[in-house]
There are 2 protein chains.
Amino acid sequence: MTKRVTIADVAREAGVSMMTVSRAINDKGEISPATQQRILAIAKEMDYRPSGLARGLATQRTATVGLVVPDIANPFFSQIARGVEDIAYAHGYNVFLLNSVEDVDRERAALDSLWEKQVDGLLLCSSRLDQKTLVERLQQFRYVVLVNRLLQTAVDGVCTINVDDTAGARQAVDYLLNAGHETIAFLAGPRQSLSSQQRLSGYQQSLQAYGRPLRQELILHCEPDTEGGYNAALSLLTAHPDVTAVYAFNDLIATGTLKACQELGRRVPQDLAIIGSDDIPLASLVTPSLTTLRITKRHLGTTAMQTLLHLIQQSEPPPAADQTLHPQLILRNSTLPHPH
Amino acid sequence: MTKRVTIADVAREAGVSMMTVSRAINDKGEISPATQQRILAIAKEMDYRPSGLARGLATQRTATVGLVVPDIANPFFSQIARGVEDIAYAHGYNVFLLNSVEDVDRERAALDSLWEKQVDGLLLCSSRLDQKTLVERLQQFRYVVLVNRLLQTAVDGVCTINVDDTAGARQAVDYLLNAGHETIAFLAGPRQSLSSQQRLSGYQQSLQAYGRPLRQELILHCEPDTEGGYNAALSLLTAHPDVTAVYAFNDLIATGTLKACQELGRRVPQDLAIIGSDDIPLASLVTPSLTTLRITKRHLGTTAMQTLLHLIQQSEPPPAADQTLHPQLILRNSTLPHPH
DNA sequence: GTGAAAGCGCTAACAT
DNA sequence: ATGTTAGCGCTTTCAC
């Protein structure tokens, strides 16, 4: 490993004070262009690279942010992470990545650890902390962007970004109703999930807006995976053969529904239309390909990081402190073309 | 944001010197248990948390490592990242995540940035830098683990972890030969990929070991996605209907092959056996589910981080400085049960 | 067992 | 436009 060249080394070599070198490097203007050029040349020659630690200690800024996600191996979060890092990179920031693994203790430890590292800001995704603990912890940080988590009361220096699941669900069900479907079921995923509750609400709103009855027996909760969807769809379609369309909590459940249809001899989309959610890569690979609600996860990440940067650099929240992203309906072959 | 409590504050409060507080906190033993207890209690009471920056500056250790991947949104790397972070967390380290996005300039910038942040070690995945630049850059870091990249000549402080693609391919083709297949094709993926070349070599070795001829017309390169696999399989099976088994470069190509079979009316696995590679989540979801070579990406990550920790903490390479992980053959429904 | 002084590498604030 | 001083918060070294 190369020995570290310090600012003192460069100063000595250039025959100036450390301060002059510092000014040359940080390009604040308050230095004569001539000496700046000379010093930069010498610094480059000596392969001088400033120490982030020393600089951070002196300025109390680290050009570093923390990103806490439940699980980076989950594509939903890894795509967000990609968006975050892209923006961070473009602005000279580095990202600490921490997994909370759905464990409140580890999430708390992650936040402690980021505090010790003195990050300039925090991006916290899908926090599982209860409201009180969450607010308490967030106040430790100067700037925070909360992704996919609502905050009951505003906290200073905290912005939020969420997905409008209600509107997404309404969009999906509206589409099905417009296409002439009378009996639309909802495979609702985990009962305790906030997203599930919001989508249920959208489903209900849509039916109501079209003056259709809400039939509780057409709402089935299930595990958010292929098998859960398969089982739920099997019992649903057996008990209620009049169902002509299914809106699923996610694409895996939708895929399970597809399997159930194969087994029951129901053709998709002719006998049963299916809409999923998330637009995971699998959605376009199954046969028939799935109509689904796309959430642009990468965009979620870039937006979150941009918001955080705004907070950090302007010391105040951006115009839209609490943003809501809207899912987009991607039409594929698991629904029939719109009749109009 | 809470004002930072420093070690001086705690010292004043406890009526001792800063040094004593430091000793209490770092638990080096050289302090009377009584005062240590007292100080720790006071520190906790005051919610004192040491500054990572100050400590790092003083000790020249940051308890921080850098992880550079081509793209964290790629499941292959996000799973590695998960493994890395798990081990890092368990040992009190934090991880800087950087994407090189297949761009050598950005990869170089990532390494520069990590050097400025003074990471204790570096995990570099699938580096695209040429040998010379790579070695030059790596020497800047005290400790490095190179993942999925071979190093022509050993470099001090650098360990490597790779996947034995050759052995994996041999395993797959051996299995097919044992199952009685005579005519086995290889859908080889991108020609320039190292993995592809190694798997080709395994394919050849296996045929040779069983005394089978190598037929060049049964080796088709294609894009490593579903469509590439579909097209390649279509032309392969049309031109050579005698093929009874396909070994595919990855699971997406295998999935494309599956589609081609549906179209051509060839039953899988009865008319054609298929083996994929990687065991992506999709592999178990398609019908029939894919027999595939599983690479335990998460394990790759944990092993890499453990190796790096060993380097950092013992200041010397572990017994196995250059490791090779072996893919595991996961038997599913796209191949017939083994005849024995 | 505990403390005082010096320094890690840099920059803010004040000179000049 | 450039230099000086002091200090960011901690640990190392060497006294006591």
Side-chain angles (χ1 to χ4, degrees), chain A residues 1-40 42-43 46-64 92 113 115-120 142, chain B residues 1-40 42-43 46-64 92 113 115-120 142:
Chain A
M1 181 167 116
T2 332
K3 171 106 190 63
R4 186 167 275 280
V5 178
T6 74
I7 205 170
D9 298 331
V10 179
R12 197 178 321 113
E13 188 74 17
V16 295
S17 76
M18 283 168 45
M19 208 42 227
T20 306
V21 177
S22 174
R23 288 195 179 95
I25 291 180
N26 293 307
D27 196 27
K28 298 283 188 194
E30 43 202 0
I31 185 178
S32 87
T35 46
Q36 172 160 25
Q37 288 314 313
R38 198 170 59 83
I39 291 174
L40 286 181
I42 294 176
M46 299 176 74
D47 196 30
Y48 166 73
R49 241 78 71 62
S51 156
L53 291 180
R55 183 178 273 175
L57 189 57
T59 60
Q60 299 294 27
R61 291 211 156 203
T62 52
T64 277
S113 161
W115 158 259
E116 292 189 3
K117 286 292 193 300
Q118 286 172 251
V119 294
D120 292 340
R142 200 191 285 277
Chain B
M1 180 168 117
T2 332
K3 170 104 190 65
R4 187 167 275 281
V5 177
T6 75
I7 205 170
D9 298 330
V10 179
R12 198 178 321 111
E13 188 74 17
V16 295
S17 75
M18 283 167 44
M19 212 35 237
T20 305
V21 177
S22 174
R23 288 195 178 95
I25 292 183
N26 293 308
D27 197 27
K28 298 282 188 192
E30 42 201 4
I31 186 179
S32 87
T35 46
Q36 171 159 27
Q37 288 314 312
R38 198 169 60 82
I39 291 173
L40 285 181
I42 294 176
M46 299 176 75
D47 196 29
Y48 166 73
R49 241 78 72 63
S51 155
L53 292 180
R55 183 177 273 176
L57 189 57
T59 61
Q60 299 294 24
R61 291 212 156 201
T62 52
T64 276
S113 162
W115 158 258
E116 293 189 4
K117 286 292 192 301
Q118 285 172 251
V119 294
D120 292 340
R142 200 191 285 279

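As the structure is a computational prediction, the values presented were derived from the model and not from experiment. Protein chains get the first letters and strands the later ones, always in sequence-line order, with residue 1 at the start of each.
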Per nearest nucleotide of DNA chain C, the residue lying toward the 5' end, B:Thr35 or A:Val5, is B:Thr35
Practice item. For the residue pair B:Val5 and B:Asp47, establish whether any side-chain heavy-atom pair is separated by less than 4.5 Å. Key: no
One should read off an interatomic distance between B:Ile31 CD1 and B:Met19 CE, to the nearest 0.5 angstrom, of 9.0 Å
Rounded to 10°, the angle between the first-five-pair and last-five-pair axes of the helix from C:dG1-D:dC16 to C:dT16-D:dA1 is 40°
Closest heavy-atom pair, B:Tyr48 versus B:Thr6, reported as atoms and distance to 0.1 Å, is CE1-C, 3.6 Å
Within residues 12-21 of chain B, the residues having a heavy atom closer than 4.0 Å to DNA chain C are B:Val16, B:Ser17, B:Met19, B:Thr20
Tested for side chain to side chain contact (heavy atoms under 4.5 Å, CB included) against B:Gln36, the lone hit among B:Ile25, B:Asp27, B:Thr20 is B:Asp27
Assign each of B:Lys28 and B:Leu53 the nucleotide of DNA chain D bearing its closest heavy atom; nearer the 5' end lies the nucleotide of B:Leu53
The side chain to side chain donor-acceptor pair (under 3.5 Å) partners of A:Glu116 (sequence neighbours excluded) come to none
Applying side chain to side chain donor-acceptor pair (under 3.5 Å) to A:Arg12 and not counting sequence neighbours gives A:Asp9
Interatomic distance, CZ@B:Arg23 vs OG@B:Ser17, rounded to 0.5 Å, equals 7.0 Å
By nearest-heavy-atom nucleotide on DNA chain C, the more 5' of A:Thr59 and B:Gln36 is B:Gln36
In the 5' to 3' direction, the nucleotides of DNA chain C bounding the stretch that comes under 4.0 Å of a heavy atom in chain B are C:dG1 to C:dG9
The reported gap from CD in A:Gln60 to CZ in B:Arg4 (rounded to nearest 0.5 angstrom) is 7.0 Å
Rounding to 0.5 Å, atoms CD (B:Gln37) and OG (B:Ser32) come to a distance of 9.5 Å
To the nearest 0.5 Å, atom CZ of B:Arg55 lies from atom OG of B:Ser22 at 7.5 Å
Outermost contacting nts on DNA chain D, any atom under 4.0 Å from chain A heavy atoms, listed 5' then 3', are D:dA1 to D:dG9
Distance col, row B:Gln118:CD vs A:Leu53:CG, nearest 0.5 angstrom, shows 4.0 Å
Side chain proximity check, A:Met46 to A:Val10, heavy atoms < 4.5 angstrom:
yes
Heavy atoms of A:Ile39 and A:Ala24 approach each other most closely as CG2-CB, 3.7 Å
